[in-house]
Amino acid sequence: MPLKKITIIVPAYNESKNIIPFYKAVCSITDELTNYQWDLLFVNDGSTDNTWIKIKELADKDHKVKGVNLSRNFGKEIALTAGAEAIIEDTEAVILMDADLQHPPSLIPELIQQWESGYQIVATQRTAIEYSWLRELGSRAFYYLMRLMSDINLEAKTTDYRLLDKKVLNVLKTFEEKTRFFRGLIDWMGFRKTYVNFSAPERNNGDSTFKLRDLSKLAINSLTSFSLMPLRITGYLGIFVLTSTSLLMIYMLITQFFAEQLLYTPLAYFVVFNTFLFGVVLAAIGMLALYIGHIHTEVIRRPLYIIQEQVGFD
Ligand code: UDP
Ligand code: MG
């Protein structure tokens with residue numbers, strides 16, 4: 001029986017100093033796992049340094065190393081997608097890993113073990129806090145909002161370091177949406193999933209290329225592609241303003257009707273009426289959210305459901 005093939009997908013952006021140490025660290029683990037056949041697929045995400053040359057050198061020396069060179073920097077999420085789509089049919093599972101050794105290869109045996117015991121997604125969660133307090137705070141806020149606002153249950157502190165069964169990967173390849181947040185999509189998919197903990201070490205060489213701006217953009221994209229809550233909130237606010245100003249106006253008119261002298265200045269009526277009109281606008285935006293929601297679900301063309309398995313169909 002041929003050995004099962006597992007492919008490790010590694011997005012790399014300006015990681016020339018890390019490629020070789022990463023390769024060595026991974027090999028020291030995979031060489032021990034002789035029950036499997038290994039592939040190491042690097043996706044060069046438009047690096048401006050020698051990353052691609054390093055990858056090519058490795059590929060020349062070692063036939064299990066493969067490389068995909070993107071024409072420019074597209075960002076990690078897209079680099080991962082490119083990697084997933086470049087996978088050859090005979091791969092039974094993939095492992096997504098960063099090139100900077102923040103995802104310790106020593107975890108691979110455990111990921112495999114969980115996979116062999118029947119889990120189709122083995123995700124990892126980092127236990128130690130290794131990022132700046134600002135990023136940590138942002139990350140917490142993000143997960144909190146994501147859980148609050150969308151109907152997918154995103155576990156906090158999970159990373160992109162994951163093992164995915166072939167079946168999960170094949171479904172992922174059918175996704176056509178352009179704005180993508182890999183982890184979110186995977187969590188949306190369901191399947192049998194488990195977690196493995198690890199404490200993330202410092203980045204090996206160089207600095208994290210993710211600027212706060214990129215991360216905020218990713219967070220906003222993720223939130224808006226899984227939830228219309230921000231727009232709906234506007235709608236609720238509109239309804240609140242509408243009802244409160246209407247009540248106030250009715251109150252003003254009634255009290256004035258039974259009063260002997262003028263109770264309110266014309267300006268007061270104007271202000272209340274104007275606020276009422278604001279309420280109309282906000283409520284209308286909320287209505288738009290409902291329509292946009294329909295358009296959104298149509299255009300992202302996400303599969304309606306994913307079949308876990310079938311019996312008796314042959
Ligand atoms: N990366 C990428 N494209 C980018 C930015 C990053 O492929 O535009 C890769 C990078 O080479 C690394 C992984 O994504 O393998 C994680 O990047 P980084 O370590 O900078 O992020 P952090 O660990 O701070 O989340
Ligand atoms: Mg990193």
Side-chain angles (χ1 to χ4, degrees), residues 7-26 40-56 58 65-87 94-108 123-143 154-163 178-186 198-219 221-222:
T7 303
I8 300 177
I9 304 180
V10 192
Y13 176 56
N14 292 349
E15 303 278 12
S16 65
K17 288 209 189 86
N18 285 329
I19 298 289
I20 305 290
F22 174 84
Y23 169 77
K24 286 191 178 142
V26 167
L40 195 52
L41 171 65
F42 287 99
V43 182
N44 177 33
D45 186 13
S47 300
T48 50
D49 64 359
N50 287 334
T51 303
W52 180 240
I53 295 173
K54 289 269 161 59
I55 295 171
K56 277 200 292 192
L58 275 184
V65 175
K66 307 206 158 42
V68 169
N69 193 15
L70 300 186
S71 60
R72 65 167 171 87
N73 180 250
F74 284 93
K76 182 180 177 183
E77 307 294 317
I78 295 180
L80 283 175
T81 309
E85 286 178 357
I87 294 292
V94 296
I95 298 178
L96 313 177
M97 251 174 130
D98 283 2
D100 58 2
L101 290 170
Q102 276 187 311
H103 296 163
S106 53
L107 232 59
I108 293 177
T124 62
Q125 263 174 318
R126 60 194 166 85
T127 48
I129 296 167
E130 297 294 344
Y131 292 111
S132 69
W133 64 270
L134 188 63
R135 181 159 167 186
E136 204 61 40
L137 193 75
S139 151
R140 272 172 200 228
F142 168 69
Y143 283 111
L154 207 60
E155 283 288 332
K157 292 198 182 297
T158 54
T159 68
D160 278 323
Y161 188 12
R162 295 177 168 211
L163 181 146
K178 300 284 178 278
T179 320
R180 38 176 72 207
F181 171 51
F182 230 79
R183 258 176 281 161
L185 282 183
I186 295 172
F198 78 101
S199 86
E202 294 279 352
R203 189 174 223 293
N204 195 34
N205 274 306
D207 286 325
S208 167
T209 44
F210 279 101
K211 304 277 172 299
L212 205 58
R213 192 172 46 117
D214 299 333
L215 288 172
S216 330
K217 200 165 115 192
L218 183 64
N221 275 342
S222 318

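Read the numbers this way: they start at 1 and go in the same order the structure lists the ligands and their atoms. Being a predicted model, the structure only gives us computed values, none of them experimental.
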Please could you name the atoms of ligand 1 that Ala99 approaches to less than 4.0 Å, counting only its heavy atoms? 15 (O)

Numbering as shown, the atoms of ligand 1 that approach Glu15 to under 4.0 Å (heavy-atom distance): 10 (C), 11 (O), 12 (C), 15 (O)

Please report the C-alpha distance between Thr51 and Phe42 in whole Å, then the side-chain angles of each, then the deciding distance to 0.1 Å, and finally whether the side-chain contact (heavy atoms from CB on, under 4.5 Å) criterion is met. CA-CA 10 Å; Thr51 303; Phe42 287 99; over 6 Å; no

What atoms of ligand 1 come within less than 4.0 Å of a heavy atom belonging to Asn73? 3 (N), 4 (C), 8 (O)

Ser47 and Asn44 have their tightest heavy-atom pair at OG-OD1, 2.6 Å

Contact between Leu101 and Asn18 at the side-chain level, heavy atoms closer than 4.5 Å - yes or no? no

So for Asp45 against ligand 1, with non-hydrogen atoms under 4.0 Å, the contacting part is side chain

Out of Gln102, Lys76, His103, the nearest non-hydrogen contact to atom 14 (O) of ligand 1 is supplied by Lys76

As an exercise, identify every atom of ligand 1 less than 4.0 angstrom from a heavy atom of Pro11. 7 (O), 9 (C), 10 (C), 11 (O), 12 (C), 15 (O)

Would you say Lys54 and Ile20 make side-chain contact, with heavy atoms under 4.5 Å? yes

May I ask you to say whether Asp160 pairs ionically with Lys76, meaning some side-chain N is under 4.0 Å from a carboxylate O? yes

Nearest non-hydrogen atom to atom 16 (C) of ligand 1 belongs to which of Asp100, Leu96, Asp98? Asp98

Minimum heavy-atom distance Val26-Met97, with the two atoms named: CG2-CE, 4.3 Å

Under 3.5 Å, is there a donor-acceptor pair between the Ser16 and Asn50 side chains? no

Region of Asn14 that comes within reach of ligand 1 [heavy atoms, distance under 4.0 Å]: neither

Please report, to 10°, the angle around the Mg ion (ligand 2) from atom OD2 (Asp100) across to atom OE1 (Gln102). 100°

